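Heads up, the thing below is written out as structure tokens.
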Amino acid sequence: MPKAQLVELYAHKLGVIDDARLEFGPGFNVITGETGAGKTLLLGALGLCLGSDASASRYALTNDTRAVALFLRDDEELAFSREAGSSGRLRSSLNGAPSSAEALRAFAEQLIIIHGQHDSLLLRNRAEIVRLIDDTGGVDTKELSDVRRQLREARQLRDGLGGDEDARHRDLEYLDFQLHELDTAEIISPTELDENFAELARLSTLRDGQSAIVEVVELFDGDGDDAVLSQFAQALSRVPDGDAYADIRGSLRDALIDARDSVHELSALGDPDAFDPRVIENLEARVSVLQHVAKKYGGSLGAALAARDEMRLRRQSAETDAARVNAIDQEISELEIREADLAQRARSDREVAAAKLTTAVSRQMTRVALANATLRFVVDGDDGSNAQIFFTPNPGQPEGPLSALASGGELSRVLLALSLETVHRDVVAVFDEIDAGLGGQVAQQIGECLREVGQLQQVLAITHLASVAARADHHFIIEKTVERGATSTLVREVSGDERVREIARMLAGDTVTVESRALATQLLENSFEDRTKADFPR
């Protein structure tokens, strides 16, 4: 019993589709109808529900467009919905809860595969091709995946401890260089740079004022009679005697004494022997060192001191972790050897499985009207996970990637051949006009192949061929009508005489004849007999 089934598809106000509701059954479901009736729009509605960008059917959208797809998986109902609003944007929901187109697409990948005329995600997804190969050969890569996970974790742990041996050695060398630079700087305190700046400014001021000091001292206390202090003394000597002037004379005498003391101090500062220019040079050199260290290690001496302490801790930790890192290196080395061995084993198993799958699918190529084509599965990479399908449509032509060389119809028929050998019970398979350009006995073969696949997974197909439609378990028709200048469509399931008439129309056109009805009846009877007799063991 298939695990996934598309139970119902509803479309409202999508192009010529006013309201359409299809309730699909298990097995092989087919949709037929005249050209332009809206069969492609039904697939567009399904694509909308599953999160497509709607670019292909954008012209058909209106402000009232709504599409709903209801799936059943393991007795659980899943409802995918998209509807347009007044702004023209499409709203998405899953089981009635707001969602996103990306979430719908991700969820839909687990439920359905749509094989279109010009696109096939299955054939472009190398992971899916690898899955087909692994399923065919029973290839088990769980141990390889576990080893790779352990290897990633071990490498991450080692990176957190400094990386591989060469990286650790480089890091330690640089750490030692930084510590040496900081230790050599011999920073006294976080404020040392500011203190040296202040002292340097003071000494620089003294140095720059030497010539002015000599001149000022000469003016105040020079040998000439015009010196300021000499004239002060002469003026003081002319103050009259007497008690009335005693206090003033004493104040002026004290001022003269203070002035002489200050001039002597100023004279001492101007003494070349009291000032050493090398002190400024040393201070300038020290400031340069401290500025470099501060700029390099955080912008201040406080930050540099903190960085030095942190580096010392890291250096001690590196020495402590050395034994642990060596053990991790050994573990990584052993895991790398195991990984290489398991990868080689996986590639070998996949090469065998790819050859087996190539043979199996090649047996089905004639049944899907590709008798002259050749196809083979090719694996590459250390573990064979780089898988491709090579294809050539005709003998003598060079082979290449299937998606590049096959036409839309050939792609769909290759997918049918794959489905015959690798039925995916977990998903619904949709084939869009897989029988394009075919007829006669080949079309009957395609119909039989679709019915056979439908025995193990639900299949939906759009077809123009009566011999394909007659093989279906459930038959839906889409009809277009024009009333009062407005075009609309009706979708319904047909059986009995209505189905005979639709098969006859597909055989003979709009004018159904007695002969076409008889042939349609015969096709349906033959299909029924084949279904009752068929037994396809797996």
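Predicted model, so just to flag it, every value in this text is computed and none were measured.
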(Q) Does this structure show an ion pair linking R501 with E498, if we count only N-O contacts that are shorter than 4.0 Å? (A) no

Q) In terms of side-chain geometry, is the basic nitrogen of D159 or R152 positioned less than 4.0 Å from the acidic oxygen of its partner? A) no

(Q) Whether the side chain of R66 engages the backbone of H12 through a donor-acceptor N/O pair (distance < 3.5 Å, no angle test) should be reported. (A) no

Q | Test item: N526 side-chain N/O and Q522 main-chain N/O as donor-acceptor pair under 3.5 Å | A | yes

Q) Rounded to the nearest 0.5 Å, how far does CG of D341 lie from CG of L144? A) 10.0 Å

Q: Could you walk me through whether K356 and E421 pass the salt bridge (Lys or Arg N to Asp or Glu O under 4.0 Å) test, one step at a time?
A: CA-CA 11 Å; K356 180 180 178 181; E421 290 296 333; over 6 Å; no

Q) Would V368 and V414 count as a side chain to side chain contact (heavy atoms under 4.5 Å, CB included) if you check the C-alpha gap in whole Å, the side-chain angles of each, and the deciding distance to 0.1 Å? A) CA-CA 7 Å; V368 297; V414 167; over 6 Å; no

Q) Do the side chain of H475 and the main chain of I31 share a donor and acceptor less than 3.5 angstrom apart? A) no

(Q) I need the T65 OG1 to L48 CG distance, nearest 0.5 Å. (A) 8.0 Å

(Q) Can you confirm whether more than 12 heavy atoms, excluding those of E336, are under 6.0 Å from its CD atom? (A) yes

Q. For E493, does its backbone N or O pair with a side-chain atom of E23 as donor and acceptor, under 3.5 Å?
A. no

Q) Is it true that D473 and R451 make a salt bridge, defined as a side-chain N closer than 4.0 Å to a carboxylate O? A) no

Q: Check the pair S385 / D383 against side-chain hydrogen bond (donor to acceptor under 3.5 Å, both in side chains), numbers first and verdict last.
A: CA-CA 6 Å; S385 61; D383 60 358; 2.7 Å; yes

Q) With no hydrogens and no angle check, is any side-chain donor or acceptor of R82 less than 3.5 Å from a backbone partner on S52? A) yes

Q) Hey, are R505 and E502 close enough for a salt bridge, meaning a charged N less than 4.0 Å from a carboxylate O? A) yes

Q: Applying salt bridge (Lys or Arg N to Asp or Glu O under 4.0 Å), run through E153 and R149 and close with a yes or a no.
A: CA-CA 6 Å; E153 292 173 352; R149 175 185 54 77; 3.4 Å; yes

**Q.** For F476, all residues meeting ring pair (Phe, Tyr, Trp, His ring centres under 6.0 Å), sequence neighbours excluded
**A.** F24

Q. Just by modelled atom types, is the A354 backbone N or O under 3.5 Å from a matching donor or acceptor in the T358 side chain?
A. yes

Q. Side chains of H474 and L460: does their closest heavy-atom pair fall under 4.5 Å?
A. no

(Q) Please determine whether salt bridge (Lys or Arg N to Asp or Glu O under 4.0 Å) holds for the pair R170 and E173, giving the CA-CA distance in whole Å, both sets of side-chain angles, and the decisive distance to 0.1 Å. (A) CA-CA 5 Å; R170 289 192 300 271; E173 280 189 338; over 6 Å; no

Q | side chain to side chain contact (heavy atoms under 4.5 Å, CB included) between L450 and T463, worked out | A | CA-CA 11 Å; L450 288 168; T463 184; over 6 Å; no

Q) Is a side-chain N or O of S527 found less than 3.5 angstrom from the main chain of A470, in a donor-acceptor match? A) yes

Q | Side chain T489, main chain I478, donor-acceptor under 3.5 Å | A | no

**Q.** Side-chain heavy atoms of V491 within contact of R21, under 4.5 Å
**A.** no

Q: Start with the C-alpha distance between D140 and R345, add both sets of side-chain angles, then the distance that settles salt bridge (Lys or Arg N to Asp or Glu O under 4.0 Å), and finish with yes or no.
A: CA-CA 10 Å; D140 185 359; R345 192 185 311 171; over 6 Å; no

Q: Provide the closest heavy-atom pair for E339 versus R148 in the form atom of the first, atom of the second, distance.
A: OE2-NE, 3.1 Å

**Q.** Pair R314 + E310: basic N to acidic O under 4.0 Å
**A.** yes

Q: Heavy atoms only: give me the nearest L14-G44 pair and the separation to one decimal.
A: CD2-C, 4.5 Å

(Q) Are the side chains of R91 and P98 in contact, using a 4.5 Å heavy-atom criterion? (A) no

Q.
Would I446 and L465 count as a side chain to side chain contact (heavy atoms under 4.5 Å, CB included) here? Give the steps.
A. CA-CA 10 Å; I446 294 295; L465 298 181; over 6 Å; no

Q: Report the C-alpha distance between Q330 and E334 in whole Å, list the side-chain angles of each, state the deciding distance to 0.1 Å, and finish with yes or no for side-chain hydrogen bond (donor to acceptor under 3.5 Å, both in side chains).
A: CA-CA 6 Å; Q330 180 62 33; E334 293 172 357; 3.1 Å; yes

Q: Given side chain to side chain contact (heavy atoms under 4.5 Å, CB included), test L90 with E83 step by step and report yes or no.
A: CA-CA 5 Å; L90 287 167; E83 59 181 307; 6.0 Å; no

Q) Which heavy atom of A69 sits nearest a heavy atom of L6, and at what distance? A) CB-CD1, 4.1 Å

**Q.** Basic-acidic side-chain contact under 4.0 Å: R131, E128
**A.** yes

Q: Measure from the side-chain N and O atoms of Q5 to the backbone N and O of L72, and report whether any donor-acceptor pair falls under 3.5 Å.
A: no

Q: Look at the side chain of S100 and the backbone N and O of A103, then say whether any donor-acceptor pair between them is shorter than 3.5 Å.
A: yes

Q. Any side-chain heavy atom of R347 sitting closer than 4.5 Å to one from D380?
A. yes

Q.
Tell me the closest heavy-atom pair linking P398 and T392, and the distance in Å.
A. O-OG1, 3.7 Å

Q: Rounded to the nearest 0.5 Å, what's the gap from OG1 on T374 to CE on M365? Could you check?
A: 7.5 Å

Q) Atom CG in L50, atom CZ in R105: separation rounded to 0.5 Å? A) 10.5 Å

Q) Can T359 and S362 be counted as having a side-chain donor-acceptor contact under 3.5 angstrom? A) no

Q: Check whether any side-chain heavy atom of V379 sits under 4.5 Å from a side-chain heavy atom of I133, and report yes or no.
A: yes

Q: Please report the closest heavy-atom contact between P393 and E410, naming both atoms and the distance.
A: CB-OE2, 3.7 Å

(Q) Is the shortest side-chain heavy-atom distance between V68 and L9 below 4.5 Å? (A) no

Q | Atom of I503, atom of A520 and distance for their closest heavy-atom approach | A | CG2-CB, 3.4 Å

Q. When rounded to the nearest 0.5 angstrom, what distance separates CG in L104 from SG in C49?
A. 8.5 Å

Q) Heavy atoms, side chains only, cut-off 4.5 Å: are E479 and E34 in contact? A) no

Q) Is there side-chain contact between D146 and Q150, with heavy atoms separated by less than 4.5 Å? A) yes

Q. What distance separates D432 CG from I462 CD1, expressed to the nearest 0.5 Å?
A. 5.0 Å

